Chemist: 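I have a structure I would like to understand better, so I am pasting it below and will then ask my questions one at a time.
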Amino acid sequence: MQTIFHLENLPFIEDNGKKVSQSIAIMHYLAGKFNLLPSEDNALMGDIVEQEIIDLRNRLTNACYNCFLSLGPAPGSETGVFDHAFLKARLVQRLAERLPKFEKMLTKSYILGDNITYVDFMVCEYLDQLREFSPESFENMENIN
């Protein structure tokens with residue numbers, strides 16, 4: 001079986017003799033296989049939206065888990081210790097800046113235009129998680145909701 005830099009971790013898929021790990025790499029692989037990659041004209045915007053979604057996901061993770069426990073004082077707090085309320089407030093502030101941009105982009109059928117891409121799946125999945133965390137941030141977001 002051909003391995004594509006398999007790190008022996010989850011998630012992974014095996015397809016046509018290839019073993020692919022890491023969720024985003026798997027998504028890219030399947031998007032290519034099923035013609036869900038952005039067009040050449042939309043590839044850069046697809047990368048930008050993907051990375052913005054990953055940034056928001058990482059901020060959500062940091063607000064929920066003390067990922068700095070083994071590193072000493074938490075860099076994302078005012079008190080030097082894990083501060084959920086402080087980190088949540090920073091995430092909510094970021095959502096207030098970013099969600100209107102997604103709201104504007106979602107006036108078309110899909111985030112990058114008329115054709116669905118893997119980026120649409122990422123946007124739906126992570127915005128749904130963020131909505132559960134901070135429902136008030138999504139008020140008056142008709143295109144997102």
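Quantities reported herein were computed from a predicted structural model and do not represent experimental measurements.
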Chemist: What's the shortest heavy-atom distance between Leu91 and Leu60, and which atoms?
Modeler: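 Nearest heavy atoms, Leu91 then Leu60: CD2-CA, 3.8 Å.
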Chemist: For the residue pair Gln93 and Glu97, establish whether any side-chain heavy-atom pair is separated by less than 4.5 Å.
Modeler: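 Sidechains of Glu97 and Gln93: in contact.
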Chemist: Hey, could you give me each pair passing salt bridge (charged side-chain N to carboxylate O under 4.0 Å, His left out) that has a residue in residues 131-145? Not counting sequence neighbours.
Modeler: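 Residue pairs with at least one partner in residues 131-145: Asp128-Arg131.
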Chemist: Cluster question for you: counting only ILVMFWY and a side-chain heavy-atom cut-off of under 4.5 Å, with indirect links fine, are Phe12 and Ile24 together?
Modeler: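 No; tracing contacts between hydrophobic side chains, which count when under 4.5 Å, never links both residues.
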Chemist: If I compare all heavy atoms of Tyr118 with all of Pro38, which pair ends up nearest, and what's the gap?
Modeler: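 Shortest heavy-atom separation between Tyr118 and Pro38 comes out as CE2-CD, 3.6 Å.
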Chemist: Scan residues 114-127 for pairs that pass salt bridge (charged side-chain N to carboxylate O under 4.0 Å, His left out), counting only residues two or more places apart or in two chains.
Modeler: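 For residues 114-127, and leaving out neighbouring residues, there are no salt bridge (charged side-chain N to carboxylate O under 4.0 Å, His left out) pairs at all.
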Chemist: Quick one, Ser137 and Leu99 - any side-chain contact, counting heavy atoms below 4.5 Å?
Modeler: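 Yes; the side chains approach each other to less than 4.5 Å.
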Chemist: Taking the side chain as C-beta and beyond, is there a heavy-atom pair between Glu103 and Asn140 under 4.5 Å?
Modeler: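 No, side chains not in contact.
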Chemist: Linking I/L/V/M/F/W/Y whenever any side-chain heavy atoms sit under 4.5 Å apart, do Met105 and Phe121 land together?
Modeler: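 In one cluster with Met105: Phe121, no.
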Chemist: Is any side-chain heavy atom of Phe138 closer than 4.5 Å to one of Ile144?
Modeler: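 Sidechains of Phe138 and Ile144: in contact.
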Chemist: Nearest 0.5 Å please: distance from the CG atom of Leu56 over to the CD atom of Gln129.
Modeler: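 Leu56 atom CG to Gln129 atom CD measures 11.0 Å (nearest 0.5 Å).
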Chemist: Is Met45 reachable from Leu37 through a run of I, L, V, M, F, W or Y residues, each pair having side-chain heavy atoms under 4.5 Å apart?
Modeler: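 Both belong to a single hydrophobic cluster.
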Chemist: List in chain and number order the residues that pass side chain to side chain contact (heavy atoms under 4.5 Å, CB included) with Ile26, two or more places apart in sequence or in another chain; answer none if no residue qualifies.
Modeler: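 Partners of Ile26 by the side chain to side chain contact (heavy atoms under 4.5 Å, CB included) criterion, ordered by chain and then number, come out as Pro11, Ile13, Val20, Leu30.
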Chemist: Does Asn58 reach the side chain of Ile54, with side-chain heavy atoms less than 4.5 Å apart?
Modeler: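 A side-chain contact under 4.5 Å exists here.
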Chemist: Can Leu95 and Ser134 be said to form a side chain to side chain contact (heavy atoms under 4.5 Å, CB included), step by step?
Modeler: CA-CA 9 Å; Leu95 290 174; Ser134 178; 4.2 Å; yes
Chemist: With salt bridge (charged side-chain N to carboxylate O under 4.0 Å, His left out) as the rule and sequence neighbours excluded, what pairs involving residues 24-40 come up?
Modeler: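 Sorted result for residues 24-40: Asp15-Lys33.
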Chemist: Is there a path of hydrophobic side-chain contacts, each under 4.5 Å between heavy atoms of I, L, V, M, F, W or Y residues, that connects Leu36 with Leu112?
Modeler: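 No, because Leu36 and Leu112 fall into different hydrophobic clusters, even though each may have its own neighbours under 4.5 Å.
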Chemist: Would a hydrophobic clustering, with Ile, Leu, Val, Met, Phe, Trp and Tyr connected at side-chain separations under 4.5 Å, put Val49 with Leu44?
Modeler: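 Yes, it is one cluster - the side chains of Val49 and Leu44 are joined through contacts under 4.5 Å.
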Chemist: How far apart are the closest heavy atoms of Val119 and Ile111, and which atoms are they?
Modeler: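 Closest pair (atom of Val119, atom of Ile111, distance): CG1-CG2, 3.9 Å.
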Chemist: Given Ile53 and Phe102, is the side chain to side chain contact (heavy atoms under 4.5 Å, CB included) satisfied, shown in steps?
Modeler: CA-CA 10 Å; Ile53 287 295; Phe102 282 105; 3.6 Å; yes
Chemist: Tell me, yes or no, whether the heavy-atom count around Met141 atom CE, taken from other residues, nucleotides or ligands under 6.0 Å, exceeds 12.
Modeler: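 Counting other residues, nucleotides and ligands, CE of Met141 exceeds 12 neighbours.
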Chemist: Write out all pairs satisfying salt bridge (charged side-chain N to carboxylate O under 4.0 Å, His left out) with one or both partners inside residues 48-61, taking only residues at least two apart or from two chains.
Modeler: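 Applying salt bridge (charged side-chain N to carboxylate O under 4.0 Å, His left out) to every pair that reaches into residues 48-61, excluding sequence neighbours, yields Glu52-Arg94, Glu52-Arg98, Asp55-Arg59, Asp55-Arg94.
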Chemist: Residues in ring-ring contact (aromatic ring centres under 6.0 Å, His included) with Tyr126, at least two apart?
Modeler: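 Scan of Tyr126 (ring-ring contact (aromatic ring centres under 6.0 Å, His included), adjacent residues dropped) gives none.
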